[in-house]
Amino acid sequence: MEQSVKINSKINVKPSRFGKKYYIKTFGCQMNEHDSERISGMFELDGMKKAESEDNADILFVNTCTIRENADDKLYGTLGQLKKWKSQADNRKLLVGGCAAQKDKELVRNKAPWVDVVIGTHNLTNIINLLNQSEDWGPVTEIIDKIENLPTDAPSIRESEFAAWLTIQIGCNNSCTFCIVPSVRGPEISRRPVDIINEAKQLVSEGVKEITLLGQNVNSYGRDLKIENKSRPYFRQLLEQLNDIKDLERIRFTSPHPKDFKEETIYAVKDLDKVCKQIHVPLQSGSSSILSKMHRGYNKERFLEKVDMIKSILPDVSLTTDIIVGFPGETDDDFEDTMDVVRYAEFDSVYMFKFSPRPGTVAHKMNEEFVPKEIIDNRFDTLKTTQTDISERKLKRFVGTEQVLLIEKISKKNNQIYSGKINSGQITHIGKENLKLGDLVKVKIIDSTPFFLKAELV
Ligand code: 5AD
Ligand code: SF4
């Protein structure tokens, strides 16, 4: 009997690698993690199964990131080690994709000729074809400048059965001067609402309870769409349609851009029962002059107004942000402005980055104003110390409250404990007794640690 692979997909692959095992190493953001799920889907369509580690894999895919310099360094270090991996068994295949491959094009190939397939971010759905070509003709590189198939047309194998990502938009039309994303991911393209809703319904039919909408600038969703000349499908309308999907329990989204955050979106978060009360607003810097040099489209006061608006509509909201320390020309006063916003906004958590000049960006050319490393390190430590206190305090506010917890996985450290998230996104641990994965249960928060909450059933 012929074996078959059952994956919901619009992409046709004739399976030819039954019995082979693949492993994917992912660097970078959620977008990359989601792309890796799609690559898994393509590999499984081709008949392969996931290996527990790269040691017992026949095919290894490295999904690269280039957002900061250390991501690039990691890649070129990794490629050296992977030459050894390839030589440890016969017929192993090494594939490199993602943002660094897209950006560096021939560089990956030149630095690591032992890589079988180098593929960019725009043509992931061609991966099996390229793998076949490399077996027939030797190493191949395919990096194209424009998207062919939305990666969302590919099937996907998810890490979690109950929580899934859903891409609503790819690329970015902004021009933040530090950021490499627009040049590797291309201009903003929104998926049609009907495709998004259909994918969401499909996910729910597979048992998914929580969906996180993904895009570089989700609250500008739909700007590029015109459907039958009717009003554009704004983000709020999309949230409303998703909220109506039966048996979908939770909706999250990331990342919005502060300049495009409208009051109507905050009201949608408030009014739509399935939209989680958690908002990520990437600050980047609290200094108006640095924000202007970053080309962010808002200043300190506008950002604080947005924070006030969000908190007045959603008093219990969980707020998170991204901050870059040491952008070119950042003075002590500029940094103090950032600290001022941090103390005022009291974010639940902050993703902190040291400025990293990316070749090809405007900020890379500001080299005369680069801030010395020791100063960046000191400022980073100051920010970290202050924020760690705030984050711990913000977590403590949940102790004694009742929450709804989605049980997502078994804790890595203790197999008698489940780990999941409460509505506002905080990681929460609970004993396994009387529970199973996928349960959505009422709990009481009984304790907090610096990084997660502890709960018991009520
Ligand atoms: N240097 C440091 N941090 C950066 N980010 C993006 N580009 C850079 C860079 N060149 C950070 C921003 C962004 C997050 C995903 O990564 O804070 O929001
Ligand atoms: Fe980069 Fe700015 Fe686009 Fe975010 S909004 S992806 S930081 S250019």
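Residue indices begin at 1 and follow the sequence shown. What you see below is based on every heavy atom in this structure, not just the backbone, and it leaves out hydrogens, waters and symmetry mates. Note that ligands are numbered from 1 as they come in the structure, with each ligand's atoms numbered from 1 the same way.
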Atom 11 (C) of ligand 1 has as its nearest protein heavy atom Arg68 NH1, 3.4 Å

Report yes if the distance between the aromatic ring centroids of Phe353 and Phe380 is under 6.0 Å, otherwise no.
-> no

Atoms of ligand 2 less than 4.0 Å from Phe178 heavy atoms?
-> 7 (S)

Using distance alone, determine whether Phe178 and ligand 1 share an N or O pair under 3.5 Å.
-> yes

Answer side chain, backbone, both or neither: which part of Ile324 comes under 4.0 Å from ligand 1, heavy atoms only.
-> side chain

Does Cys176 bring an N, O or S atom to within less than 2.8 Å of atom 2 (Fe) of ligand 2?
-> yes

Return the residue, atom name and 0.1 Å-rounded distance of the protein heavy atom closest to atom 1 (N) of ligand 1.
-> Ser356 N, 3.0 Å

Of the listed options Gln216, Met294, Gln284, closest to atom 4 (Fe) of ligand 2 (non-hydrogen atoms) | Gln216

Indicate the atoms forming the closest heavy-atom contact of Ile310 with Val317, along with that distance.
-> CG2-CG1, 3.9 Å

Protein residue, atom and distance nearest to atom 5 (S) of ligand 2, heavy-atom basis = Asn174 ND2, 3.4 Å

Find all atoms of ligand 2 within a distance of less than 4.0 Å from any non-hydrogen atom belonging to Cys172, and give their numbers and elements.
-> 3 (Fe), 5 (S), 6 (S), 8 (S)

For Arg296, counting its heavy atoms only, list the atoms of ligand 2 lying under 4.0 Å from any of them.
-> 2 (Fe), 7 (S)

Protein contact to atom 1 (Fe) of ligand 2 [nearest heavy atom, distance to 0.1 Å] = Cys179 SG, 2.3 Å

Proximal atoms of ligand 2 relative to Val181 (non-hydrogen, under 4.0 Å) = 6 (S)

Provide the number and element of each atom of ligand 1 under 4.0 Å from a heavy atom of Gln284.
-> 12 (C), 13 (C), 17 (O), 18 (O)

So, Asn173 and Asn217: side-chain donor and acceptor under 3.5 Å apart, yes or no?
-> no

Using a 4.5 Å cut-off on heavy atoms from C-beta on, say whether the side chain of Phe327 contacts that of Glu369.
-> no

Any atoms of ligand 2 less than 4.0 Å from a non-hydrogen atom of His257? List them with their elements.
-> 5 (S)

Location of contacts on Pro182 toward ligand 2, heavy atoms closer than 4.0 Å | side chain

Nearest non-hydrogen protein atom, atom 6 (C) of ligand 1 | Ile67 CG1, 3.4 Å

Under the criterion side-chain hydrogen bond (donor to acceptor under 3.5 Å, both in side chains), which of Lys50, Glu54, Lys93, Glu44 is the partner of Tyr22?
-> Glu44

Heavy atom of Arg185 under 4.0 Å from ligand 2?
-> no

